[in-house]
Amino acid sequence: MAVIKKLKRGLDLKIPGKPEKILAGEVYPLFFGVKPVDFPGLVPKLCVKPGDKVRAGSPLFMNKVNPSIKFTSPVSGEVKDIVRGDRRRLLEIVVEKKGKDFIDFGRIKREDFSREKIIGHLLNSGLWPAIRQRPYHIVANPADVPKSVFISGFDTSPLAPDYQYIAQNSTGSYFNTGIAALSRLTEGKVKLVLNGKDQGSELFRKIDGVEISWFTGPHPAGNVGVHIHHLDPVNKGEKVWFVNFQDVYAIGRLFDDGVYNPERMVALTGSEVRNPQYYRILPGGSVAPMVKENVKPGDLRFISGNVLTGSKIESDGYLGFYDSQVTVIPEGNYYEFFGWALPGFNKYSFNRVFASGFFPRKEYRLDTNFHGGERAFVLTGHYEKVLPMDIYPMQLLKAIITGDIDLMENLGIYEVAEEDLALCEFICPSKIEIQSIVRNGLELMIREMN
Amino acid sequence: MNFLRKKLDTLKPHFTEGGKLAKLRSVFEGFESFIFVPNKVTHKGSHVRDANDMKRTMIVVVVALIPALLFGAYNTGLQHFRATGIEAGILQNFWFGFLKILPLIVVSYVVGLGIEFTAAQIRGHEINEGFLVTGLLIPLIMPVDVPLWMLALATAFAVIIGVEIFGGPGMNILNPALTARAFLFFSYPGWMTGDEVWIAGLKGGQQVIDGFSGATPMALSAAWETDRLPSFLEMFIGTIPGSVGETSTIAILIGAFILVATGIGSWKVIVSVFAGALGMGLLLNLIAVNPYMELPVYYHFVMGGFAFGAVFMATDPVSGAQTERGKWIYGLLIGIFSIIFRVLNPAYPEGVMLAILLMNVFAPLIDHYVIQSNIKRRLKRNRVALNNR
């Protein structure tokens with residue numbers, strides 16, 4: 001039964017700064033920021049104003065379209081600031097941590113589990129947004145019944161944290177409770193996908209009510225979108241839900257302990273980190289205590305998430321709701337004299353157009369330089385090499401650009417999210433902003449379908 | 001280097017919005033990014049980007065063309081001195097050819113880039129690098145004695161009608177270099193055919209030594225005089241009359257190796273063009289009723305522009321098929337049609353050019369059917385899912 005799905009297409013970026021399996025301890029930031037921009041497509045409605053006292057689990061804002069979906073404070077304290085961007089777009093709700101007060105949502109025993117109770121609990125506590133759906137890669141709608149729930153048990157993205165290591169340092173019973181709760185939400189199965197190369201996957205074999213599959217291959221073999229595509233593809237009108245690995249523990253804690261505690265282990269990674277290692281932190285927490293004494297000097301890019309899909313933050317910015325990784329790499333705002341003509345022993349390219357293609361190095365200290373200007377689509381057949389799906393990426397992108405809804409549907413828009421095509425964006429010699437195009441396409445579909 | 005950077009930084013404000021020379025912004029940016037890779041950083045999406053860009057990609061293709069170019073220069077001299085009966089060394093041959101070819105390259109680049117710069121400026125785009133390759137391809141597929149005004153006209157036609165009216169490089173349907181060649185072929189057939197135009201000086205009335213014929217292998221074959229063809233080895237090395245860069249199969253194969261090794265050119269297209277020609281050639285051999293049809297199929301690979309077309313023209317990603325399965329079909333059909341046009345239609349001795357242009361037109365159709373099969377697979381899966389409800 002243990003069939004391993006072997007994927008060949010993809011690419012593992014070789015960047016220095018892989019996290020060592022050391023748990024540096026817990027981090028207690030003073031400031032926490034919850035970011036509505038972490039949730040694509042969300043129209044937020046504020047529930048607090050600066051100066052308000054909040055407890056861990058108090059709502060900060062909610063979904064304007066569906067007010068039952070709340071986004072809550074991870075800590076108790078006082079609302080310090082509400083940061084807005086262009087056109088008053090809500091960017092961050094900043095909470096200053098004071099005390100350890102929390103809302104007790106009440107425990108639920110496993111034998112008392114019912115769909116309504118579980119959903120109610122998740123919605124009230126603010127843990128519901130941890131459950132997302134395909135199509136569109138957005139927060140799930142509690143009124144839907146998904147055909148399955150996916151959990152990706154490994155992460156292949158650049159410098160990703162090792163979930164095996166995280167599992168060894170977390171309480172397994174919470175995971176079991178989380179799985180039990182999730183299995184009540186679907187008419188199908190809860191599917192856990194593990195790294196086919198990892199024999200330590202034994203850890204998860206004892207869990208009831210989950211169907212385990214194994215995948216191997218280069219990134220994005222660990223992406224949940226890839227798993228769904230191969231195991232239970234999303235057709236028109238269907239819904240598949242998925243939950244991040246560490247959020248399953250958070251769901252378990254909610255039902256076992258009655259608290260909203262999305263605490264997680266986060267890997268601090270990247271070439272500019274002195275000691276890349278693991279920390280325990282609440283999402284929304286400022287990364288400042290982690291990175292303060294632990295980064296090299298220079299002009300740096302701080303990323304909540306990985307280098308392909310993460311979001312840019314400041315050195316005292318906040319950990320994103322879905323992120324379990326912080327990456328620090330050098331900025332690349334320099335000019336390069338005839339850069340395109342040099343042999344390039346230290347330049348990384350997917351195609352062997354630089355000397356590095358024939359004399360590869362072990363690792364490349366990649367920076368944020370754009371390496372060129374945006375052009376029309378020219379080269380063909382390259383995106384396919386880094387997308388292990390039965391999808392024509394370039395044709396799909398062109399359909400999105402031209403706004404051809406029928407064609408987008410036919411070419412598989414329901415099965416992709418920006419993170420699945422992030423590598424296409426990385427290798428694109430025409431420097432096309434592929435992830436933005438995909439998100440625009442998904443938003444167009446959401447508008448059209450409602 | 002720093003001096004240059006400072007100079008550019010002081011000039012830059014004039015070319016930005018509101019500056020005196022804002023109208024020439026694209027031109028300035030074109031030159032600036034040519035000298036310095038810009039300091040632009042990622043701001044959304046992926047934080048890191050592959051070091052490869054369009055400039056580097058195009059330069060790789062240019063590098064792949066250099067063996068054919070160098071050999072072309074040598075061969076131009078060689079053919080000229082052979083025809084006129086003068087003894088000449090390798091360097092002398094090369095230098096003569098170099099001086100002949102240089103004006104062609106200069107004219108092609110000046111005309112093409114001039115139009116491309118203007119078009120980019122009008123559209124407010126950045127300058128596109130596509131013409132770096134096209135501008136070198138055009139002289140390489142011309143007879144060496146083509147008048148410069150004709151070359152300029154053909155280049156202008158190819159860039160304006162072939163590329164810019166479709167929206168610029170990347171949007172074109174036909175391969176621009178072949179468009180230029182086809183334009184001349186149909187507009188000035190007297191210049192593009194015959195035995196004289198392929199060797200420098202002959203069209204200008206220079207005396208040839210007794211018994212010399214400048215006939216190309218293509219012309220000889222079309223006249224069914226296959227017994228007069230040069231040896232296979234000679235045609236493989238390329239010391240034969242023909243277009244500037246097309247004669248040496250070995251130089252072209254070096255270019256093919258560069259394209260495939262770097263991943264810029266599609267090996268699928270190259271292999272399938274040869275496979276298609278092989279199949280069609282063998283078929284013609286089987287039913288041979290004239291000397292051309294009897295010609296061993298591997299001769300086709302080293303004659304005329306076949307190898308050059310397969311390696312440098314058919315692999316053009318913009319005008320070719322864009323799906324991987326489509327590339328096999330596209331290449332096979334180019335190979336098949338090349339041989340059909342060559343052997344069965346003596347009015348157009350060079351079949352490869354027409355075969356590639358024809359398949360350029362059909363490439364979107366091929367892709368359409370390949371993609372339809374993907375769509376059908378998805379729809380079928382959907383139907384199965386609905387039935388299982």
Side-chain angles (χ1 to χ4, degrees), chain A residues 13 233 235-236 238 301 303 307-310 312 329 331-341 344 347-354 357 366-381 384 390 392 394-395 410-412 422 425-431 433-436, chain B residues 1 4-5 8 29 33-57 59-60 126-130 167-171 261-264 266 268 317-318 320-324 327 367 370-371 374-375 377-379 381-386:
Chain A
L13 292 187
N235 297 305
K236 188 179 180 176
E238 292 177 341
R301 167 81 53 105
I303 302 162
V307 291
L308 291 174
T309 62
K312 182 183 169 178
I329 56 169
E331 283 285 1
N333 49 348
Y334 52 83
Y335 288 97
E336 201 183 4
F337 188 62
F338 279 103
W340 52 270
K347 290 186 170 178
Y348 179 74
S349 175
F350 177 65
N351 292 312
R352 282 186 285 189
V353 296
F354 291 99
L366 299 182
D367 58 44
T368 63
N369 192 286
F370 212 66
H371 296 297
E374 190 161 342
R375 298 289 182 269
F377 289 104
V378 172
L379 291 190
T380 59
E384 286 85 344
D390 183 21
Y392 285 101
M394 188 154 120
Q395 284 70 20
N410 284 336
L411 291 174
E425 179 173 83
F426 170 76
I427 66 162
C428 181
S430 296
K431 309 290 172 191
E433 307 262 14
I434 291 175
Q435 294 192 75
S436 302
Chain B
M1 208 169 107
L4 205 58
R5 186 62 249 164
L8 283 170
E29 275 172 5
S33 68
F34 183 77
I35 302 171
F36 288 99
V37 172
N39 65 345
K40 188 179 172 189
V41 294
T42 54
H43 60 106
K44 54 182 175 180
S46 178
H47 296 268
V48 291
R49 292 293 196 129
D50 194 296
N52 182 24
D53 66 349
M54 230 4 107
K55 281 193 181 63
R56 184 72 182 192
T57 305
I59 286 301
V60 169
E126 285 185 48
I127 308 286
N128 233 300
E129 289 85 3
M171 320 282 183
T262 54
I264 296 299
S266 167
K268 290 175 189 167
V318 175
Q322 304 190 336
T323 55
E324 294 308 289
K327 281 175 187 168
D367 283 337
V370 173
I371 291 165
N374 176 275
I375 291 174
R377 232 177 3 257
R378 187 163 289 112
L379 288 176
R381 191 183 73 197
N382 196 1
R383 232 170 288 136
V384 171
L386 286 176

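Quick note on labels: first sequence line is chain A, next is B, and so on, each numbered from 1. Computed from a prediction, not measured in an experiment: that's the story for all the values here.
Atom CD of A:E336 and atom CZ of B:R5 lie 12.5 Å apart (nearest 0.5 Å). Taken from CD1 in B:I264 to CG in A:L379, the straight-line distance is 5.0 Å, to the nearest 0.5 Å. Here B:S46 contributes atom OG and A:I427 contributes atom CD1; the two are 11.0 Å apart, rounded to the nearest 0.5 Å.
The nearest pair of heavy atoms linking B:K44 to A:E433 is O-OE1, 3.6 Å. The shortest non-hydrogen separation linking B:P169 to A:A376 is O-CB, 3.8 Å. Of all non-hydrogen atoms in A:S349 and B:N52, the two that sit nearest each other are OG-CB, 3.4 Å. For the pair B:R378 and A:D390, the tightest heavy-atom approach, listed with the atom from each and the gap, is NH2-O, 3.0 Å. Considering every non-hydrogen atom in both A:H371 and B:A51, the closest pair reads CG-CA, 3.7 Å.
Of the listed residues A:D367, A:I329, A:T368, A:L366, the one with more heavy-atom pairs under 4.5 angstrom with chain B than any other is A:T368. Of the listed residues (A:T309, A:I434, A:I303), the one with the most heavy-atom contacts under 4.5 Å to chain B is A:I303. Among the candidates B:P317, B:G170, B:S266, the residue making the largest number of heavy-atom pairs closer than 4.5 Å to chain A is B:P317. The greatest number of non-hydrogen atom pairs below 4.5 Å with chain A, out of B:E324, B:M171, B:E126, is found for B:E126. No other option in B:V60, B:I59, B:V318, B:I35 has as many heavy-atom pairs under 4.5 Å with chain A as B:I35. Note: A:G310 leads A:G357, A:G339, A:G310, A:S430 in heavy-atom pairs under 4.5 Å with chain B. Taking chain A as the reference chain and counting heavy-atom pairs below 4.5 Å, the highest number among B:Q322, B:K55, B:K327, B:R377 is found for B:Q322.
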Residues B:V41, A:F370; criterion side-chain contact (heavy atoms from CB on, under 4.5 Å); working and verdict: CA-CA 5 Å; B:V41 294; A:F370 212 66; over 6 Å; no
For B:M54 and A:K431, what are the C-alpha separation, side-chain angles and deciding distance, and is it a side-chain contact (heavy atoms from CB on, under 4.5 Å)? CA-CA 9 Å; B:M54 230 4 107; A:K431 309 290 172 191; over 6 Å; no
Starting from the C-alpha separation in whole Å, work towards a yes-or-no answer on side-chain contact (heavy atoms from CB on, under 4.5 Å) for A:Y392 and B:D367. CA-CA 11 Å; A:Y392 285 101; B:D367 283 337; over 6 Å; no
Stepwise, does the side-chain contact (heavy atoms from CB on, under 4.5 Å) test hold for A:L13 with B:V48? CA-CA 10 Å; A:L13 292 187; B:V48 291; 4.1 Å; yes
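Side-chain atoms of A:R301 come within 3.5 Å of backbone N or O of B:T42 as a donor-acceptor pair. The backbone N or O of A:E425 lies less than 3.5 Å from a partner atom in the side chain of B:R49, making a donor-acceptor pair. Between the side chain of B:R56 and the backbone N or O of A:V353, at least one donor-acceptor pair lies under 3.5 Å. Counting only distance, with no hydrogens or angles, the side chain of B:D50 and the backbone of A:P429 share no donor-acceptor pair below 3.5 Å.
With a 4.5 angstrom heavy-atom cutoff, B:L8 does not touch chain A via any of its atoms.
Exactly one residue among B:V370, B:I375, B:T323 makes a side-chain contact (heavy atoms from CB on, under 4.5 Å) with A:Q395. That residue is B:T323.
Classification of the B:F34-A:W340 ring pair by plane angle, with boundaries at 30° and 60°, yields tilted.
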